[in-house]
Amino acid sequence: MSTTLTPVLTANWDQPNSFTLDSYGEYEAAKKALGMDPDAVIQAVKDSGLRGRGGAGFPTGMKWGFIPQGDGKPHYLVVNADESEPGTCKDIPLMMANPHSLVEGIIITSYAIRANHAFIYVRGEVLHVIRRLHAAVREAYEKGYLGTDIFGSGYDLELVVHSGAGAYICGEETALLDSLEGFRGQPRLKPPFPAVAGLYASPTVVNNVESIASVPSIIANGAEWFAGMGTEKSKGFGIFSLSGHVTRPGQYEAPLGITLRELLDMAGGIREGHQLKFWTPGGSSTPIFTDEHLDVPLDFEAVGAKGSMLGTRALQIFDETTCVVRTVLRWTEFYAHESCGKCTPCREGTYWLKQVLKRLDKGQGTEEDLATITDIADNILGRSFCALGDGATSPIHSSVKYFREEYLKHFEIGGCPFDPKKSTLWGEQ
Ligand SMILES: Cc1cc2nc3c(=O)[nH]c(=O)nc-3n(C[C@H](O)[C@H](O)[C@H](O)COP(=O)(O)O)c2cc1C
Ligand code: SF4
């Protein structure tokens, strides 16, 4: 495994006007792909080993291969640009700095799955990104890279930028499709999966921004080039977003399998005078890790084997000044707010988790409350209609596992030990 950075998607971010077509280049990869058989494009992506960058890591080429061919129905590509997971912050800067990698990836993907209509479903609050996407799409139309007879190939593609109204659940792919169709965004029962009955009940591929933006580089440089980076089952590079108590937070594009220790070395370490306490490998829905996990290779398998998930590589770093109970409460408030209400375990469970955690945070809880939050989380996990409910349990289970003592301290001293007035038990804070 290489430990150096591998800037591909981020390579041009510091160039002036990196977001313009002039700076990006002439869509050479799309030109090449449109000269290939669509199945050969799918095969190249399969051979590259690219796995979805939206969290679950499903093989991208395999997903495209599920789209039935010759079925006489329209096919759609929908790009998931909802990015609302706490800590996750890679797609938005990518679309800001390098929107043409996404547009070019959309052309290649749509051609491969035989779609003539594609959509970017973007989170509604990020108006600056929406404007930038509109500008990039306009430029591509003006150049003839979108529209009819692209590169004289006879292939037509229309691309629509659609902004959501700001709901985390609309990042779940089937809720996203309902929202895109104009309904309230709530998850659909699966099966049927979107590949069979997605947008307007037609075969649809839903992929993350980073997954699609990675495709032009695979077509341009070859599947072997991509597969030469990363680890055995987690190929290629990805954007690792370091945030929180780190000296130089930011986006670090590196091969999958890099460790937090290596990333922290490049990021100047934990902020001066402090030590790592806990961190998320892939956003708030992934169980927290501690300093024992600094050397875990950040790929799908190794992170899973240690009891968490690679998720979106949103590395939120917390030092010893952070109260884990307060952090878990904050995340839980988010999940309770964003629960769509469709199923009882998540709707009720996240509400009650929040109530009990508030009590624990104030030091007014009991040891029984710890059993209660664990029990509530057990009743959400695996019993909810979609993965939002499961994700809400990750901070609970993992924080109780690693920081039980810290929960207990709260009610021993009748408050938060990180509150300066109560800090004697924890030394200098
Ligand atoms: C509550 C929830 C929110 C999600 N939000 C996003 C998101 O913002 N972006 C994203 O790509 N995937 C998100 N996902 C995952 C999608 O359902 C889907 O797996 C993904 O878009 C597939 O793309 P990929 O195969 O390229 O990773 C979310 C899932 C859940 C359950
Ligand atoms: S798990 Fe939560 S977000 Fe998902 S369907 Fe149930 S209530 Fe809605």
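Note that this is a predicted model, so its numbers are computed, not measured. In listed order, ligands and their atoms are each counted from 1.
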In ligand 2, which numbered atoms sit nearer than 4.0 Å to a non-hydrogen atom of I169? 3 (S)

E173 heavy atoms within 4.0 Å reach ligand 1 at atoms 16 (C), 17 (O), 18 (C)

Looking at atom 6 (Fe) of ligand 2, what's its closest protein heavy atom, distance included? C343 SG, 2.3 Å

Distance filter under 4.0 Å to R53 heavy atoms, resulting ligand 1 atoms: 26 (O), 27 (O)

Would you say K63 and ligand 1 have an N/O pair spaced under 3.5 Å apart? yes

Carboxylate-amine/guanidinium contact R326 E406, below 4.0 Å: no

Under 4.0 Å to a heavy atom of S339 - the qualifying atoms of ligand 2, by number: 2 (Fe), 7 (S)

Distance from atom 4 (Fe) of ligand 2 to nearest protein heavy atom, with residue and atom: C386 SG, 2.4 Å

When the aromatic ring centroids of H162 and F119 are compared, is their separation below 6.0 Å? no

Tell me whether the centres of the aromatic rings in F334 and Y168 are closer together than 6.0 Å. yes

Take every heavy atom of E338, measure it against each atom of ligand 1, and state whether any distance is under 4.0 Å. no

Under 4.0 Å from a heavy atom of G341: which atoms of ligand 2 are those, numbered in the order shown and with their elements? 7 (S), 8 (Fe)

Looking at atom 28 (C) of ligand 1, what's its closest protein heavy atom, distance included? G171 O, 3.3 Å

State whether the side chain of Y76 and the backbone N or O of Y200 hold a donor-acceptor pair below 3.5 Å, judged by distance alone. no

Cation over ring, R51 on F58, under 6.0 Å and within 45°? no

Part of S211 with heavy atoms under 4.0 Å of ligand 1, whether side chain, backbone, both or neither: side chain

Does any part of the side chain of Q251, heavy atoms only, come nearer than 4.5 Å to the side chain of W13, both counted from C-beta? yes

Atom indices of ligand 2 within 4.0 angstrom of S384 heavy atoms, with elements: 1 (S)

Counting each atom of ligand 2 from 1 as listed, which ones have a heavy atom of P187 under 4.0 Å away? 5 (S)

Distance flag, aromatic centroids of Y145 and F151, threshold under 6.0 Å: yes

If you measure every N/O of G54 against every N/O of ligand 1, is any gap under 3.5 Å? yes

Option from V209, L157, N207 for which side chain to side chain contact (heavy atoms under 4.5 Å, CB included) with I106 holds: L157

Is any N, O or S atom of C340 under 2.8 Å away from atom 8 (Fe) of ligand 2? yes

Do the side chain of T327 and the main chain of C323 share a donor and acceptor less than 3.5 angstrom apart? yes

Nearest protein heavy-atom contact for atom 29 (C) of ligand 1: which residue, which atom, what distance? E172 CA, 3.7 Å

Verify the ring-centre separation between F278 and H293: is it less than 6.0 angstrom? no

Identify whether NZ of Lys or CZ of Arg in K277 sits under 6.0 Å from the centre of the six-membered ring of F403 and within 45° of that ring's axis. yes

H100-Y27 aromatic ring centre distance below 6.0 Å: yes

closest protein heavy atom to atom 2 (Fe) of ligand 2 is C346 SG, 2.3 Å

Main-chain N/O of A314 paired with T88 side-chain donor or acceptor, under 3.5 Å: no

Please determine whether any non-hydrogen atom of E83 lies less than 4.0 Å from an atom of ligand 1. yes

Nearest-option assignment for atom 10 (C) of ligand 1, heavy atoms, candidates I212, V206, N80: N80

What atoms of ligand 1 come closer than 4.0 angstrom to any heavy atom of G52? 24 (P), 25 (O), 26 (O), 27 (O)

Which residue owns the protein heavy atom closest to atom 23 (O) of ligand 1, what's the atom, and how far is it? N208 N, 3.2 Å

